[in-house]
Amino acid sequence: MQLSEQELRRREEKSELEKLGINPYPSELFEVNVNIKDILENYEKQKTDYKNISIAGRLMSRRIMGSASFAELQDESGKMQIYFRRDDICPDEDKTMYNTVFKKLLDIGDIIGIKGYVFTTQTGEISIYVNEFKILAKSLKPLPIVKETKDEQGNVVSHDAFTDPEQRYRQRYVDLIVNPNVRETFKKRTYLVNTIRNFLNDRGYLEVETPILQPIYGGAAAKPFKTHHNTLDMPLYLRIANELYLKRLIVGGFDGVYEFAKDFRNEGMSRFHNPEFTQVELYVAYKDYQWMMDLVEEMVEQIALKLHGTTEVKVGEKVINFQRPWKRFTMFEAIEHFTGVDISKMSEEELKATAKQLNVPIDDTMGKGKLIDEIFGEKCEAQLIQPTFITDYPVEMSPLAKKHRSKEGLAERFEAICNGKEICNSFSELNDPIDQRERFQAQLELGKRGDEEAMVLDEDFLRALEYGLPPTAGLGVGIDRLAMIMTNSNSIQDVLFFPQMKPEKKAVDPSVLFAKAGVREELIPILINLGMTNLEDLANVKTSKLFNDVCGMRKKMKLKDIKNPTMEEVQSWVD
RNA sequence: GAUUCCGUAGCUCAGUUGGUAGAGCAUCUCCCUUUUAAGGAGAGGGUCCUGGGUUCGAGCCCCAGCGGGAUCACCA
């Protein structure tokens with residue numbers, strides 16, 4: 001690893017501090033009695049409370065002017081100017097703490113604790129007057145620091161912003177330090193989850209945990225990640241959903257259960273898809289999907305209010321209003337609304353013809369349900385910006401949903417669509433075990449025909465249904481999708497702290513290099529132990545010395561079974 | 001997967017028909033006691049993503065690869 005000049009300098013500063021008897025990474029706690037947000041909000045009202053403060057954070061900028069300096073301190077709650085004066089930091093003859101430690105050995109990015117008092121500068125900025133400071137952690141890597149100014153309208157303008165998406169996602173910690181709006185986004189995500197949790201707890205539903213490692217994956221149509229348990233010597237799957245487990249709990253006698261679940265799907269990635277994502281699933285006994293729609297409306301409206309203080313949320317150029325009640329369309333109505341075609345009574349052949357007319361791509365494997373779904377997806381979904389419930393999906397697409405109480409071929413199912421994307425999915429749960437078995441069997445048929453996402457038959461789940469599942473309404477809400485809308489984020493990566501990325505760099509594995517040069521496999525560990533990392537290292541020492549070293553290391557590593565190389569052999573590596 | 005754009009200093013980015021590698025910030029030295037993108041004077045810092053090719057000469061042109069973004073298609 002090649003260190004930059006600035007990194008080397010910071011390492012030297014670290015040893016300078018140690019030479020001065022200052023531990024750059026002290027162990028003892030640093031008492032903090034206030035944060036920046038608190039000062040900004042309350043100092044003007046209650047100045048006497050801020051005569052003796054102790055605060056810690058990261059040094060974000062410095063303006064040194066001879067024997068006085070201004071700097072900026074950032075803690076979790078915000079940023080504030082701090083003021084240093086040499087003769088206050090160092091009241092005695094010895095000016096080391098200011099002249100050397102502060103001016104020379106401190107850098108932007110260092111974490112410090114300060115004691116002092118709050119005051120207002122001549123230019124009217126609330127600042128902290130530093131009486132003493134302490135280094136709490138030395139930072140060895142320079143931060144991509146963002147400077148900010150305000151234009152005439154008072155808008156904050158960033159300069160040299162840290163914007164490279166790759167760097168931001170790979171080094172989220174840096175992103176969080178220098179881009180305060182990123183912290184806000186993730187706080188909102190947590191408030192969103194908390195709001196849902198409180199909402200469900202208030203209604204008496206029980207938060208539960210169910211297996212992530214599952215012997216049979218189910219509850220959704222998706223490709224799973226597969227792994228293996230050594231002791232049991234069996235395959236296991238990372239869950240694609242937790243639906244079937246939560247329904248087992250309803251069978252067990254709980255009237256309402258929910259779980260915030262990380263689910264895993266081995267599928268494509270995009271700005272809407274990450275291999276692992278979060279859903280909250282909720283199941284409530286003795287309810288149906290109509291009831292669940294009311295719950296979703298109320299819950300999501302409450303989220304908007306909690307996060308924004310209003311039901312109106314700005315997303316891109318649009319304003320989305322989550323105020324109840326939301327528009328409700330059956331799928332047929334939605335299609336008729338957007339295409340002018342009433343497909344509710346059409347046969348499979350007529351549907352095919354309609355799809356072709358509407359330029360909806362189809363293929364011969366598609367049945368009636370799939371055709372309807374395609375037409376909807378192609379012609380309607382993207383146009384639904386304001387939150388809208390779409391109800392009554394084709395039953396073929398919903399193998400875990402109850403058949404519609406009155407409409408042939410449909411299921412009691414709804415999705416809420418918002419900003420052109422599904423944010424939740426819900427149905428009256430299928431609780432007829434015989435029907436459920438048949439639906440699974442139909443899925444098996446699809447699987448045999450090569451549908452990789454077809455569901456697998458879960459005998460234990462069917463057994464649970466046979467004991468009796470009360471009529472139940474179920475719901476799944478995509479937390480990431482909802483968080484994207486609620487935080488005005490364009491990509492799922494912006495609402496996941498650590499989105500999935502390709503590995504950073506192919507580490508050049510020396511053993512591969514050596515193997516290519518014709519080194520016997522068993523000798524490679526010896527070379528690595530000798531500190532050789534590439535072929536140049538081999539070429540840089542005399543062949544005879546290399547030969548001696550290898551034989552010596554072989555002995556040291558007690559590799560009796562390995563034959564020493566010959567001189568010719570060693571020579572051949574370098575050639 | 002398809003299309004398309006990008007990769008130059010620690011950061012943000014310029015770089016002309018192909019002719020010695022540039023700016024601002026950051027860093028270092030000096031000056032400066034209320035500054036605020038502080039200021040003034042000076043200095044250091046580069047595998048121009050990698051590997052080939054064309055050329056007297058490549059950051060620039062060509063080919064291949066790596067990494068990333070955006071858009072589109074399937075899944076939430």
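The chains referred to below are lettered A, B, ... by the order of the sequence lines, with proteins before strands, and numbering in each begins at 1. All values derive from a computational prediction rather than experimental measurement.
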For a quick check of understanding: with a heavy-atom distance under 4.0 Å over all strands, which category does [X] fall into, base, sugar-phosphate or nothing?
X         : answer
Ser270(A) : base
Gln81(A)  : base
Asp263(A) : nothing

Can you tell me which residue among Gln74(A), Gln81(A), Glu72(A), Lys79(A) is in a side-chain hydrogen bond (donor to acceptor under 3.5 Å, both in side chains) with Ser61(A)?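 Result for side-chain hydrogen bond (donor to acceptor under 3.5 Å, both in side chains) with Ser61(A): Glu72(A).
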
How far does the [atom1] atom of [N] sit from the matching atom of [M], given to the nearest Å?
N      : M      : atom1 : answer
U17(B) : C74(B) : P     : 43 Å
C5(B)  : A58(B) : P     : 26 Å
A14(B) : A73(B) : P     : 31 Å
U29(B) : U47(B) : C1'   : 29 Å
G67(B) : C61(B) : P     : 23 Å
C25(B) : A41(B) : P     : 11 Å
U20(B) : C60(B) : P     : 14 Å
A21(B) : C48(B) : P     : 11 Å

Taking pairing as Watson-Crick or G-U wobble with both contacts under 3.5 Å, can you name the mate of [N], or confirm there isn't one?
N      : answer
U4(B)  : G69(B)
A58(B) : none
G45(B) : none
C74(B) : none
A26(B) : none
A64(B) : U50(B)

Rounded to whole angstrom units, what separation is found between the [atom1] atom of [X] and the [atom2] atom of [N]?
X         : N      : atom1 : atom2 : answer
Asp175(A) : C11(B) : CG    : P     : 15 Å
Gln493(A) : U71(B) : CD    : P     : 11 Å
Leu8(A)   : A9(B)  : CG    : P     : 18 Å
Ile82(A)  : U35(B) : CD1   : P     : 17 Å
Leu140(A) : G10(B) : CG    : P     : 17 Å
Met269(A) : A76(B) : CE    : P     : 17 Å
Tyr169(A) : A70(B) : OH    : C1'   : 12 Å
Leu384(A) : A76(B) : CG    : C1'   : 17 Å

Centroid distance under 5.5 Å and plane angle under 30°, Phe277(A) vs A76(B): yes

Under 3.5 Å, is there an N or O donor on one side and an acceptor on the other linking the side chain of Glu125(A) and the base of U35(B)? no

Note, Asp480(A) side chain near Phe272(A) side chain (heavy atom, < 4.5 Å):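 Contact flag for Asp480(A)/Phe272(A) side chains = no.
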
Tell me, do Ile385(A) and Val315(A) make a side-chain contact under 4.5 Å, heavy atoms counted? no

Salt-bridge contact Lys370(A)-Asp373(A) (side-chain N to carboxylate O under 4.0 Å): no

Are Phe225(A) and Tyr237(A), when compared by the centres of their aromatic rings, separated by less than 6.0 Å? no

Base contacts versus sugar-phosphate-only contacts with protein, heavy atoms under 4.0 Å: please encode nucleotides 25-34 of chain B as B, S and - from 5' to 3'. SBSS---BBB

Just verifying a value: how many Å separate Glu13(A) CD and Ile135(A) CD1, rounded to the nearest 0.5 Å?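 Rounded to the nearest 0.5 Å, the CD-CD1 separation comes out at 9.0 Å.
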
Closest to the Pro144(A) side chain, choosing from C11(B), U71(B), A76(B):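 Output: C11(B).
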
Name each donor-acceptor pair under 3.5 Å that joins a side chain in residues 420-427 of chain A to protein atoms two or more places apart or in another chain, with its distance.
from: Asn425(A); atom 1: OD1; to: Arg413(A); atom 2: NE; distance (Å): 3.0
from: Ser426(A); atom 1: OG; to: Gly474(A); atom 2: O; distance (Å): 2.6

Suppose we screen for side chain to side chain contact (heavy atoms under 4.5 Å, CB included). Which residues come up paired with Pro24(A), at least two apart in sequence or across chains?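 Per chain and number, Pro24(A) pairs via side chain to side chain contact (heavy atoms under 4.5 Å, CB included) with Lys14(A), Leu17(A), Glu18(A), Lys138(A).
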
Tell me whether the side-chain N/O atoms of Arg63(A) come closer than 4.0 Å to OP1 or OP2 in U35(B). no

Between Arg170(A) and G68(B), does any side-chain N or O lie under 4.0 Å from OP1 or OP2?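 Result: yes.
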
Specify whether Tyr43(A) and Tyr50(A) have parallel, tilted or perpendicular ring planes, treating 30° as the upper limit for parallel and 60° as the lower limit for perpendicular.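 Judged by the thresholds at 30° and 60°, the geometry between Tyr43(A) and Tyr50(A) is perpendicular.
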
